[in-house]
Amino acid sequence: MKILVVGSGGREHTIVWKLSQSPNAEKIYCAPGNYGISKLAECVDIKVDDFDALTAFAKEKEIDLTVVGPDDPLVAGIVDAFEKEGLRVFGPRANAAIIEGSKVYSKELMKKYNIPTAAYEVFDNSADALAYVKEQNKYPTVIKAEGLALGKGVIIAQNYDEAAEAIADIMDKKIFGESGNRVVIEEFLTGPEVSVLSFTDGKTIVPMVTAQDHKRAYDNDMGPNTGGMGTFSPSRTYTDEMAQYTYDNILVPTMNALNAEGRTFKGIIFFGLMMTPDGVKVIEYNARFGDPETQVVLPRLKTDLLEIFNAVVDERLGEVNVEWEDNAAVCVICASGGYPKKYQTGYEISGIDAAESRGDVTVFHAGTKGADGKCVTSGGRVLGVTALDENLDKAIKKAYEAVGDINFTDMHFRKDIGIK
Ligand code: AMP
Ligand code: GLY
């Protein structure tokens, strides 16, 4: 099969890497890709939101399957655009990707179908939102912009002033643009978090092994929120009983709810969950693989990923036996100093080969590009260093040894990934 992967981050590098191991992957293209991806796939310089150019490319190269990584094109209807041209594509249509694109929609869906989540109210103007916060007078309180906001649209306000500032930023100053036309204000939940990604074709839903992200920039969960500074798999706290409860009360009901609403979901549903004292609850849905969750989940997959993607597209996922290694994985993100705020790029990266020569270590590229035959930094999150071992403690040790091989100017990484 000829395959096109859409995206350019560590998630897409991992997808390309896993697909390249399939005996049925004849040729892989990636649009636009990055330096690491260019070693496994032919990178083509087309942006992820240029649906006309992407579909024209897929036709010209007779692509058998296109796989979409990022959320923005999914929410904007890339799958619909490919299907309209008669092209096979892996991912949800826009009407299903709305579970990530609109937090108001996802909350209403959960309420209607009794899927456990935090209690909430929705507001379309800042005066009503403020009045509600004042009347509730309960802190912390959680304020969420309705739409996509690069993972930054959730504010946990510790008091009235912080809540008022968040509401003004989102709804009046529009710091996230149209994504802040409405806000969800919800009950603050407590407990460990876990990410459960799943494959679904709308008939069957198959959970993947669990993962846990570290969103803050610095050790001990200090500093600003980022796209994710590192992950590990499996979770240390999610029990088999919780997994069964989640499958019965969250995964299957979500798939069925979307079918009942005429929004059959085919692709990846990412369940952001919290293990609260009242049981597992949904914090958020994403309509795609997580980044950097993918970097610890797919390396543990035994089954051919291409076979799974094809089964989802053809709605026969129930026929595939999805199997996982009984091991552990840790991914440490090497970021540009200053990320997620201001940072410099263009620095040469050294030590990737040495890190990978350790065995069971793979360096997934996020923000890299080639310059005069060298690999240089080109983004905030630069590399994800993934190590596999028989348990988490060994995988953590191996990942940090490998990170020690890598160097570029101002490199920053957290030193506590997987420890808590
Ligand atoms: P989200 O973008 O919805 O995943 O939210 C980002 C982060 O905010 C989550 O990973 C949680 O750590 C936190 N969060 C979101 N909603 C809540 C909530 N209702 N209670 C406590 N923490 C929350
Ligand atoms: N790592 C969180 C996400 O991909 O949304």
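We use all heavy atoms of the structure for the numbers below, so side chains are in, but hydrogens, waters and symmetry mates are not. Atoms within each ligand, like the ligands themselves, are counted from 1 in listed order.
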What residue and atom, counting heavy atoms only, is the protein's closest point to [atom], and at what distance?
{"atom": "atom 10 (O) of ligand 1", "value": "Glu193 OE1, 2.7 Å"}
{"atom": "atom 17 (C) of ligand 1", "value": "Ile283 CD1, 3.7 Å"}
{"atom": "atom 2 (O) of ligand 1", "value": "Val154 CG2, 3.4 Å"}
{"atom": "atom 16 (N) of ligand 1", "value": "Lys144 NZ, 3.1 Å"}

So if I count the atoms of ligand 1 from 1 in the order they appear, which ones are less than 4.0 Å from some heavy atom of [X]?
{"X": "Glu186", "answer": "16 (N), 17 (C), 18 (C), 19 (N)"}
{"X": "Lys215", "answer": "4 (O), 10 (O)"}
{"X": "Phe188", "answer": "20 (N), 21 (C)"}
{"X": "Lys103", "answer": "2 (O), 3 (O)"}

Ligand 2 atoms in contact with [X] (distance to a heavy atom under 4.0 Å):
{"X": "Asp213", "answer": "1 (N), 2 (C)"}
{"X": "Gly290", "answer": "4 (O)"}
{"X": "Asn286", "answer": "5 (O)"}

Requested in this report: Take every heavy atom of Gly228, measure it against each atom of ligand 2, and state whether any distance is under 4.0 Å.
Outcome: no
Query raised in the report: Heavy-atom contact under 4.0 Å between Ser195 and ligand 2?
Result: no
Requested in this report: If the plane angle is over 60° it's perpendicular, under 30° parallel, otherwise tilted; pick one for His412 and Tyr218.
Outcome: perpendicular
Query raised in the report: Of Arg414, Lys215, Arg216, which is the lone residue that meets side-chain hydrogen bond (donor to acceptor under 3.5 Å, both in side chains) with Asp221?
Result: Arg414
Requested in this report: Assess whether side chain to side chain donor-acceptor pair (under 3.5 Å) is satisfied between Glu146 and Ser102, documenting all intermediate values.
Outcome: CA-CA 5 Å; Glu146 170 174 19; Ser102 169; 2.5 Å; yes
Report task. Answer yes or no: does atom NZ of Lys397 have more than 12 heavy-atom neighbours from other residues, nucleotides or ligands under 6.0 Å? Result -> no
Query - side chain to side chain donor-acceptor pair (under 3.5 Å) between Ser8 and Asn34, intermediate numbers included - result: CA-CA 6 Å; Ser8 64; Asn34 62 36; over 6 Å; no
With heavy atoms under 4.0 Å as the rule, classify the contact between [X] and ligand 1 as side chain, backbone, both or neither.
{"X": "Leu189", "answer": "both"}
{"X": "Glu187", "answer": "backbone"}
{"X": "Thr190", "answer": "neither"}

Query - Identified side-chain contact (heavy atoms from CB on, under 4.5 Å) counterpart of Leu383 within the set Thr368, Val403, Ile333 - result: Thr368
Query raised in the report: When you look at Ser233 and Arg300, which way does the side chain to side chain donor-acceptor pair (under 3.5 Å) test go after all the steps?
Result: CA-CA 9 Å; Ser233 172; Arg300 301 186 59 206; 2.8 Å; yes
My understanding is that we take every heavy atom of each candidate and find the minimum distance to [atom]. Doing that for [options], which one comes out nearest?
{"atom": "atom 5 (O) of ligand 2", "options": "Lys215, Glu293, Arg288", "value": "Arg288"}
{"atom": "atom 22 (N) of ligand 1", "options": "Thr141, Asp213, Ile156", "value": "Ile156"}
{"atom": "atom 18 (C) of ligand 1", "options": "Asn225, Ile185, Ile143, Val142", "value": "Val142"}

Query raised in the report: Any ion pair linking Asp314 and Arg88 (charged N to carboxylate O, less than 4.0 Å)?
Result: yes
Query raised in the report: Would you call Lys107 and Glu186 a salt bridge, taking side-chain N to carboxylate O under 4.0 Å as the test?
Result: yes
Query raised in the report: Of Asp405, Asp393, Asp389, which is the lone residue that meets salt bridge (charged side-chain N to carboxylate O under 4.0 Å, His left out) with Lys398?
Result: Asp389
Query raised in the report: Given Ser350 and Asn407, is the side chain to side chain donor-acceptor pair (under 3.5 Å) satisfied, shown in steps?
Result: CA-CA 5 Å; Ser350 64; Asn407 194 31; 4.8 Å; no
Query raised in the report: To the nearest 0.5 Å, what is the distance between CZ (Phe82) and CG (Leu54)?
Result: 5.0 Å
